[in-house]
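Below, chain A is the first sequence line, B the second, and so on; all start at residue 1.
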Amino acid sequence: MSGATILHADLDAFYASVEQLLDPRLSGRPVAVGGSPHGGVVLAASYEAKAYGVAGGIPGWRAARLCPSLRFVPGRFREYQPLADRVMDVLGDVTPVVERISIDEAFLDVSGSTHLFGPPARIAALLRRRVRDEVGLPISVGVARTKHLAKIASQVAKPDGLVVVEPERERDFLDPLPVGLMWGVGPVARARLAERGITTIGELARTPSSAVEQVLGHAVGARMSALAHNEDPRRVAGAGRARSVGAQSALGRQVATRELVREVLGQLADRVAGRLRAKDRAGRTVTVRVRFAGMRSVTRSLTLPGPVATTLTLTEVAEQLVWQAIDDQPGPRPEVTLLAVSVSGLVHQSSLQLELPVQGDDPRRPGSAPGAARWAVDRSVDAVRARFGAGAVGYLPTAMPRVRTVPDEFRELAEHDL
DNA sequence: TCTGGGGTCCTAGGACCC
DNA sequence: TCTGGGGTCCTAGGACCC
């Protein structure tokens, strides 16, 4: 019961490893998925590339400078989801208690599986071998008494390793590790702690919780303090439902015109509303984000009287909010580099409960009057797309400015279940 | 040469209510 | 007369995660 029975299994450099699997000429070589020496951003880097300092998120031209022999591949995004699902199936063979937290990693509780498969360390080794033999991908596994410890252990195990933290050695394991390995400590928190001379988890554990809270804020400070003291009560369980749904598009640098904004928001709203309708959900709060040249971004949100899930209503509300955000900026009209739309305050909404007009409401107000008609139109569009494909029908002229957009397959990889 | 896309949670101020 | 105390919702911003 109190033994080390939690596993954290994490595929190594997942996207890059898939590319190496699909094209053996890439194996053992530095590979970047996405980006190019001339632009774009690297989405994932193989371990050989990481050795040069190449990492996900950095601009392609910088990656090329760091590693001249780097091979850029566009990414065969369609292949990723099925391969990751096969890995999860392997994990599910040893226990039903699997909590998938992203496309490529999961927690397992194997406390009920040891009578069948042996001790947890053995189970972890078995899983690693099976994933390698049956799917062809390297996976690292951490084994410990808690999720936090197991997660840290798998990070320490990478690449392609296994680390078991026995309960009596937890303190020895944690104390010398950098605070940045803790789940929830990012660059900002790490820098703030470093200013106080706190760089290891052991040092954090020896700092009074009240002091940590002063540095990191009440909630984060208390949580990090507890984790440093190795208190982690979280159980392995299925992930909860999503609390928001969104979509975004980077635009390069463009002057915002009515046409551009409407085109982009129409596409984003179509994705978001379509996902909501597919799961019979809707939400009351619409939030947009506008990022300007220089990476500064602002958000505007509006909570409607009732939930929305129609493409046109969402587009209209988002449009109002985006112009509000842009018009609030002082000086000449700024260049826009990204638009995002998201819907939160989600509720279940059966197909029969439409966006009904609020009595006495202005019929032109978003989310009210034409709701029923719009819902019906969207349902028809959804049905046509289900039969004939996503490109079969849509609302908006797509002849407008060229917006560089990523493939839908890539977007879908990051979607959470609704 | 100039930064992808989808999410979660927390903070803080103001409006509003009892 | 110069202002209690607590709670909820909304909005904007930010850190963090994969």
Query raised in the report: Hey, is the side chain of A/R411 poking within less than 4.0 Å of OP1 or OP2 on B/dG6, counting only N and O atoms?
Result: yes
Query raised in the report: Hey, are A/D408 and A/R271 close enough for a salt bridge, meaning a charged N less than 4.0 Å from a carboxylate O?
Result: yes
Query raised in the report: For A/L302, which contact category applies under a 4.0 Å heavy-atom criterion: base, sugar-phosphate, or nothing?
Result: sugar-phosphate
Requested in this report: Can you figure out which of C/dG13, B/dT11, C/dC18 approaches the side chain of A/V298 most closely?
Outcome: C/dG13
Query - Phosphate-side-chain proximity, A/R296 and C/dG13, N/O vs OP1/OP2 below 4.0 Å - result: no
Requested in this report: Return no unless some side-chain N or O of A/R223 is found under 4.0 Å from OP1 or OP2 of B/dC10.
Outcome: yes
Query raised in the report: Would you say a side-chain N or O of A/R243 is under 4.0 Å from OP1 or OP2 of B/dC9?
Result: yes
Report summary line: A/D104 CG to B/dG6 P, in whole Å, measures 17 Å
Report summary line: Of all heavy-atom pairs linking A/A340 and A/Q248, the shortest is CB-CB, 3.6 Å
Query raised in the report: Could you state the CE-P distance from A/M295 to B/dG5, rounded to the nearest angstrom?
Result: 11 Å
Query raised in the report: Checking all strands, does A/V185 fall into the base, sugar-phosphate, or nothing category for heavy-atom contacts under 4.0 angstrom?
Result: sugar-phosphate
Report summary line: Only one of A/K158, A/R100, A/K151 passes salt bridge (charged side-chain N to carboxylate O under 4.0 Å, His left out) with A/E105, and that residue is A/K151
Requested in this report: Give the intermediate values and the outcome of side chain to side chain contact (heavy atoms under 4.5 Å, CB included) for residues A/V31 and A/F72.
Outcome: CA-CA 6 Å; A/V31 175; A/F72 288 90; over 6 Å; no
Requested in this report: Considering only NZ, NE, NH1 and NH2 on the basic side and carboxylate oxygens on the acidic side, decide whether A/D417 and A/K279 come within less than 4.0 Å.
Outcome: no
Query raised in the report: At under 4.0 Å between heavy atoms, what does A/M182 touch on the DNA or RNA strands: base, sugar-phosphate, or nothing?
Result: sugar-phosphate
Query raised in the report: Reckon A/A340 touches a base, only the sugar-phosphate, or nothing at all at heavy-atom distances under 4.0 Å?
Result: nothing
Query raised in the report: Taking the nucleotide of DNA chain B with the closest heavy atom to each, which residue, A/V245 or A/V41, is nearer the 5' end?
Result: A/V41
Query raised in the report: Expressed in angstrom and rounded to an integer, what is the separation of A/H38 atom NE2 from B/dT3 atom C1'?
Result: 17 Å
Query raised in the report: Can you tell which of B/dG5, B/dT1, B/dG7 lies closest to the side chain of A/E415?
Result: B/dG7
Report task. Mind calculating the distance between CZ (A/F77) and P (C/dC18) to the nearest angstrom? Result -> 19 Å
**Report entry** B/dC18 pairs with, by Watson-Crick or G-U criteria that keep both distances under 3.5 Å
**Finding:** C/dG5
Report task. Taking the six-membered ring of A/W183 (Phe, Tyr or Trp), confirm whether the NZ or CZ of A/R223 is under 6.0 Å from its centre and within 45° of its axis. Result -> no
Requested in this report: Please report, rounded to the nearest Å, how far the C1' atom of B/dG6 is from the CG atom of A/D417.
Outcome: 12 Å
**Report entry** Proximity to the side chain of A/F410 - top-ranked nucleotide from B/dT11, B/dG6, B/dG5
**Finding:** B/dG5
Requested in this report: Give a yes/no answer on whether the side chain of A/R275 brings an N or O atom under 4.0 Å of OP1 or OP2 in B/dG7.
Outcome: yes
Query raised in the report: Does any donor atom in the side chain of A/T313 or A/R374 lie under 3.5 Å from an acceptor atom in the other side chain?
Result: yes
Requested in this report: Would you please confirm or rule out a distance under 4.0 Å between OP1 or OP2 of C/dT11 and any side-chain N or O of A/T303?
Outcome: yes
**Report entry** Side chain A/T207, main chain A/E203, donor-acceptor under 3.5 Å
**Finding:** yes
Requested in this report: Specify the separation, in whole Å, of atom CZ of A/R65 and atom C1' of B/dT1.
Outcome: 8 Å
Requested in this report: Find the distance A/F14:CZ to B/dG4:C1' and express it as a whole number of Å.
Outcome: 17 Å
Report task. Determine the contact category for A/R289: base if any of its heavy atoms lies under 4.0 Å from a base atom, sugar-phosphate if only primed atoms, P, OP1 or OP2 are that close, otherwise nothing. Result -> nothing
Query raised in the report: When you check the phosphate oxygens OP1 and OP2 of B/dG4, does a side-chain N or O of A/R291 lie under 4.0 Å from one of them?
Result: yes
**Report entry** Toward the 5' end of DNA chain B, by each residue's nearest nucleotide, A/G56 or A/H218
**Finding:** A/G56
Report summary line: Looking only at C/dC18, C/dG13, C/dA15, the nucleotide nearest the A/R300 side chain is C/dG13
Query - Minimum-distance nucleotide (side-chain atoms of A/Q248 versus B/dG5, C/dA12, C/dC16) - result: B/dG5
Query raised in the report: Can a side chain N or O of A/T299 be found less than 4.0 Å away from OP1 or OP2 on C/dA12?
Result: no
**Report entry** Proximal nucleotide (of C/dC18, C/dT11, B/dT1) relative to the A/E105 side chain
**Finding:** C/dC18
Query raised in the report: How is A/G57 classified with respect to the nucleic acid when contacts are heavy atoms under 4.0 Å: base, sugar-phosphate, or nothing?
Result: base
Requested in this report: Looking only at side-chain atoms of A/L43, point me to the closest of B/dG6, C/dC18, B/dG4.
Outcome: B/dG4
Report task. Report the residue (A/S102 or A/L321) whose heavy-atom-nearest nucleotide on DNA chain C is the more 5′ of the two. Result -> A/L321
**Report entry** Whole angstrom value for the distance that separates P of B/dG4 from OH of A/Y15
**Finding:** 15 Å
**Report entry** Selection from B/dG6, C/dA12, C/dC18 that lies nearest to any side-chain heavy atom of A/A247
**Finding:** B/dG6
Query raised in the report: For A/S244 and B/dT8, is the shortest distance between a side-chain N/O and OP1 or OP2 below 4.0 Å?
Result: yes
